[in-house]
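Read through the structure below, which is laid out as structure tokens, and then see the notes.
Proteins come first, then strands; the chains are lettered A, B, ... in the order of their sequence lines, and each starts at number 1. These numbers were taken from a predicted model, which means no experiment stands behind them.
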Amino acid sequence: MSNEATLHSQESLHHGHDDHGHGHDGHDHHHEETFISKYVFSMDHKMIAKQFLITGIIWAIIGAFFSVLFRLQLGFPDATFPWLESILGHWAEGGRITPEAYYALVTMHGTILVFFVLTAGLSGTFSNLLIPLQVGARDMASPFMNMLSYWFFFTASLVMMSSLFVQTGPASGGWTSYPPLSALGDASIGSKIGMDLWLISMALFVVSSLLGSLNYISTILNMRTKGMSMTKMPLTIWSFLFTAVLGVLSFPVLLSGFVLLLFDRHGGTSFYLSELFVQGKVLPNEGGSAILYQHLFWFLGHPEVYIIILPAMGMVSEILAVNSRKPIFGYLAMVGSMFAITVLAFLVWAHHMFVTGLNPFLGAFFVLLTLLIAVPSAIKVFNWITTIWRGNIRFTPASLFSIGFVSTFISGGLTGIWLGNSAIDIHLHDTYFVIAHFHIVMGVSAFFGMFAGVYHWFPKMYGRYMNQTLGFIHFWITLVGAYLIFWPMHYQGMAGMPRRYFDYSNWASFNQFEGLNAFISFVVIIVFATQLLFVFNFFYSIFKGRKLTTTNPWAATTLEWTTPINPGHGNWPGEIPEVHRWAYDYSKDGKDFIPQTVPVSPDESGH
Amino acid sequence: MSGYLAVIVVVLIFVVIFQIAKASEYVSILKGEKKAREQSNRINGFLMIVFLVLGLIGVWYCHDLMDDSMLGEPASDHGVGVDGLIKVTFIITMIVFVLTQIALFVFAWKYQEKDGRKAFFYPHNNKLEVIWTVIPAIVLTVLVAFGIRHWLRMTSDAPKESMIVEVTGKQFNWIVRYPGKDGQLGRRNFKLTNDSNNPVGQDWADSLNHDDVIAPDLHVVVGKPVKLIIGSRDVVHDVGLPHFRLKMDAVPGIPTTLWFTPTITTAEYRKRTGNPDFVYELACDQMCGNGHYSMKANIIVETQEEYDKWLATQVTQYSQAHPAPEAAPAAPAVPADSTKAVAALTK
Ligand code: HEM
Ligand SMILES: [Cu+2]
Ligand SMILES: [Cu+2]
């Protein structure tokens, strides 16, 4: 038997008793699909999800590669890498990255990963894929708006990408782009045309995000199938709902901040500018407040971190329940804590601004509210741990990444308690401690949630499995690597080592970390290579992965697994199934699982 | 050449890993899905425990290893409080960290899928959930209380006897202005700024400016509270004082303040650390452009006599901006009646 044949040998075995897998085409409205309408300007939520995912993966590779480049500088400040000059040209003259290039790379890394990968790539992919499938809808409330949402994102991507190639380089003031640095082309080369492109791209991105979020909210609220009351929804859907609400309420504020910045740059206004002397010239601006921008930015910026983490939380909850063969522990507490996080997320933004000269009394309130948000986070962690307790856990790549998610979320969440206390933040602000905190709690955790989601729902997306062994290797190297990279950074931060420094060798206070920096950079390269393994596995499996032989490979209760293996536009070939129970009847009454579509029988025990 | 070699090696490793992965997929199909899952469950379950144990050892080892690289004792009274708070928070979060990580990985290992094991249908338990809502809430309240108390102490008004020093950030260095004998800083007007003789835009019409001294480094007196008046000429910077555990942004147009009492002189710190080259450094902690990483000033903590001696050697900015053609060079005190003439000059 050839390998290929081995791989698909079981297909024939299953044909007999697989009643909804094959055979149906899954198309209820029969119209001709052209290549363009099917793969490019698609209005099918599943195709749009794939578009978001693949665009996100491409951005993730670029963003992560940038971090490899600037880690080379941090780890090996004295070494030269001639190949750098051949890709970056005069930005890496003689094989050493220039400060200008370093700051551009750092800025693009942050922007790309926070917005393009972990917002669009994560929420865009899974909200689109799962909302209609799990609430039982044929598509989004407005498939057209949904398509626009992707294409606005695509346009934003093109503009951001183009900024990499302009002569003065892309934006380089950090992903937060504080003015006046970002407002004045004379203050930094990255604040010339690169900054305009950054702002335009981000404005397009905000539009994309709003179109998407409004759609998610209306679909969840209005298009649930019969019997799917709000409290029967899987936690994934709740998390997408809260994410979308956060986005709709906070992204417009960010946009207003950007518009004012554009006015300051080109309209001669002074929203953020006051009393400046730049490049030997006194500027005429008076009366503006540079701090105003920070308020507008963080009013989105803080909710943004939850926009990134909530979908991951939802997917992890779902995947842990499925693979532990147990209901998620404390469903209502999980919903309640997500609700609490959503509300509190709007009330803590100034914890990023404790040392801006903020009124100390006001600062005290933000300390209180910030530490308050740790309570719902703690509840979620305890509930996840209790979910796997006395389970019967199957280790799939998805469940491994979910367990990894809980681990990193704990580690990073706990350091939030340090930073949320302004009296500690006054020492740790803008040091590597903050880098460690948010990379672990947001960067790594959200990526773990995303990986878990991709491994888990890949069969739904492509009708094939990803290779498990590669998934296991991917998980273990990434988990270990992530801790090796970010854990020691806490210590650098406690030693006061500032973030966003190109070189530490002239600092008596910080140059003791030379060896550690080299070690971290070394691990970064290994972890990056491992991610390429995942990318390869992903694309290879789309075409060559083991084919699904059953519609419900993980024996899960939720509706997406009642659709055919390769569902067409419209998802269910016949009627949309009716829902009778919540999504977490695993191991109830001695049954391994009871799908949501099964009516509650009279002798069933309650819970 | 070696670059190509490295690429080839990496690609080869990839190919090998991929072939192994592919082969194991075939094997698992031949063996049957259930058998294969049993095996991978065993391996991953075992790795859970290995990761937990090595991870906890690693955490301890890292702590040990980093001990020498940490900042020494705090050099300000506020810093002592910050360190105390960090210590309490460290202990509490470390306990939670260890317990939850142990629970997570031990459960994952212990409850891995086995033949005959039945998962326990356990959808909720209100009592448990209340307990683990209330306990974190109480612990956090305690931390908030300690934190806010120290925060309000640090950010309270500076004591009246504080000396005043002005720190101004610019791309990419610090300008420190001392009030001179009168103890008061003169007025500023950013429109008067120029790099040749008036870096912070002192208004010479204000006679308080006449004895003000400008220097690149920050001199402070041990045991004497100092109030920093912080500002910026161009973009946002941040006065970072790692040894004093303090930090405050320098924002153009909006002055900020920060006060503390230095407790250890530079000389004493050198003695205690056994490092004759030790210096306190002032680091910029807010991204301010391409030279951000080099934006440094030294801080010299000294006794009152040393400070007075040092100040006496400094030339006022006023006299630098108004070189008297034949008068005595660099007279620190300027006669009051010259104010008007100067005011006319700057018009
Ligand atoms: C346990 C609750 C948490 C608390 C109390 C907390 C607190 C804080 C504080 C006070 C800062 C500001 C530090 C500084 O700049 O000096 C911060 C930074 C940050 N946090 Fe958290 N955090 C928590 C959880 C999270 C979560 C869940 C995420 C993301 C998923 C997150 C993402 C971030 C990011 C991205 C930054 C840095 C932004 C930047 O300056 O570039 N945090 N956190
Ligand atoms: Cu925040
Ligand atoms: Cu700076």
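Of the charged side-chain nitrogens involved, none lies within less than 4.0 Å of a carboxylate oxygen, so that B/Lys247 and B/Asp238 do not count as a salt-bridged pair. A salt bridge links B/Arg233 and B/Asp195; the closest N-O separation between the charged side-chain nitrogens and carboxylate oxygens is under 4.0 Å. One finds no salt bridge joining B/Arg42 and B/Glu113 here, because no Lys/Arg side-chain nitrogen approaches an Asp/Glu carboxylate oxygen to under 4.0 Å.
Interface residue B/Met295: only backbone heavy atoms are found under 4.5 Å from chain A. With a 4.5 Å cut-off on non-hydrogen atoms, B/Ile254 touches chain A through its side chain but not through its backbone. Only the side chain of B/His243 comes within contact range of chain A, judged by heavy atoms closer than 4.5 Å. For chain A, the nearby parts of B/Arg245 are the backbone and the side chain; heavy atoms of each come within less than 4.5 Å. Heavy-atom distances place the side chain of B/Gln171, and not its backbone, under 4.5 Å from chain A. Contacts between B/Val236 and chain A at a heavy-atom distance below 4.5 Å involve backbone atoms as well as side-chain atoms. Looking at B/Phe105, only its side chain comes within 4.5 Å of chain A, counting heavy atoms on both sides. With a 4.5 angstrom heavy-atom cutoff, B/Thr93 touches chain A via backbone and side-chain atoms both. In this structure, the portions of B/Phe97 lying under 4.5 Å from any heavy atom of chain A include both its backbone and its side chain. Heavy atoms of A/Ile189 lying under 4.5 Å from chain B belong to its backbone as well as its side chain. For a residue to count as touching a neighbouring chain, one of its non-hydrogen atoms must lie under 4.5 Å from one of that chain's; by this rule B/Leu152 touches chain A with the side chain only. Only the backbone of B/Ser294 has a heavy atom closer than 4.5 Å to any heavy atom of chain A. When heavy atoms are compared at a cutoff of 4.5 Å, B/Ile230 does not approach chain A at all. Using a 4.5 Å cut-off between heavy atoms, B/Met248 contacts chain A through both its backbone and its side chain.
Options A/Val375, A/Thr387, A/Asn467 differ in how many heavy-atom pairs under 4.5 Å they form with chain B, and the most are formed by A/Asn467. Most heavy-atom pairs under 4.5 Å with chain A, from the set B/Val59, B/Ile20, B/Asn189: that is B/Val59. With chain B as partner, the option from A/Gly330, A/Gly590, A/Gly420 having the largest number of non-hydrogen pairs under 4.5 angstrom is A/Gly330. Of the residues considered (B/Met94, B/Arg153, B/His63, B/Met154), B/His63 shows the highest number of contacts with chain A, using heavy-atom pairs under 4.5 Å. When each of A/Phe472, A/Trp476, A/Tyr483 is checked for heavy-atom pairs under 4.5 Å with chain B, A/Trp476 comes out on top. By number of non-hydrogen pairs under 4.5 angstrom with chain B, the leading residue of A/Thr98, A/Asn537, A/Ile410 is A/Ile410. Interface check for chain B: of the options A/Phe502, A/Tyr586, A/Phe536, A/Trp384, the most heavy-atom pairs under 4.5 Å are formed by A/Phe502. The most heavy-atom pairs under 4.5 Å with chain B, out of A/Arg500, A/Met353, A/Arg394, come from A/Arg394.
At least one donor-acceptor pair under 3.5 Å links the side chain of B/Asn275 to the backbone N or O of B/Asp277. For the pair A/Tyr293 (side chain) and A/Ser177 (backbone), a donor-acceptor distance under 3.5 Å is present. In this structure, A/Asp585 contributes its side chain and A/Lys588 its backbone to no donor-acceptor pair below 3.5 Å.
Closest non-hydrogen pair, A/Trp507 versus B/Glu281, comes out as CE3-OE1, 3.5 Å. Residues A/Pro180 and A/Ala290 approach most closely at CD-CB, 3.9 Å, considering heavy atoms.
A/Trp389 has its ring centre less than 6.0 Å from the ring centre of B/Tyr122.
A donor atom on one side chain and an acceptor atom on the other are not found under 3.5 Å apart for A/Ser274 and A/Glu286. Side-chain contact check for A/Asn383 and B/Trp132: at least one donor-acceptor pair (N or O, by modelled atom type) lies under 3.5 Å.
In this structure the side chain of A/Trp418 reaches within 4.5 angstrom of the side chain of A/Leu428, judged on heavy atoms.
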Would B/Gln101 and A/Ser411 count as a side chain to side chain contact (heavy atoms under 4.5 Å, CB included) if you check the C-alpha gap in whole Å, the side-chain angles of each, and the deciding distance to 0.1 Å?
CA-CA 9 Å; B/Gln101 299 283 1; A/Ser411 307; 3.1 Å; yes

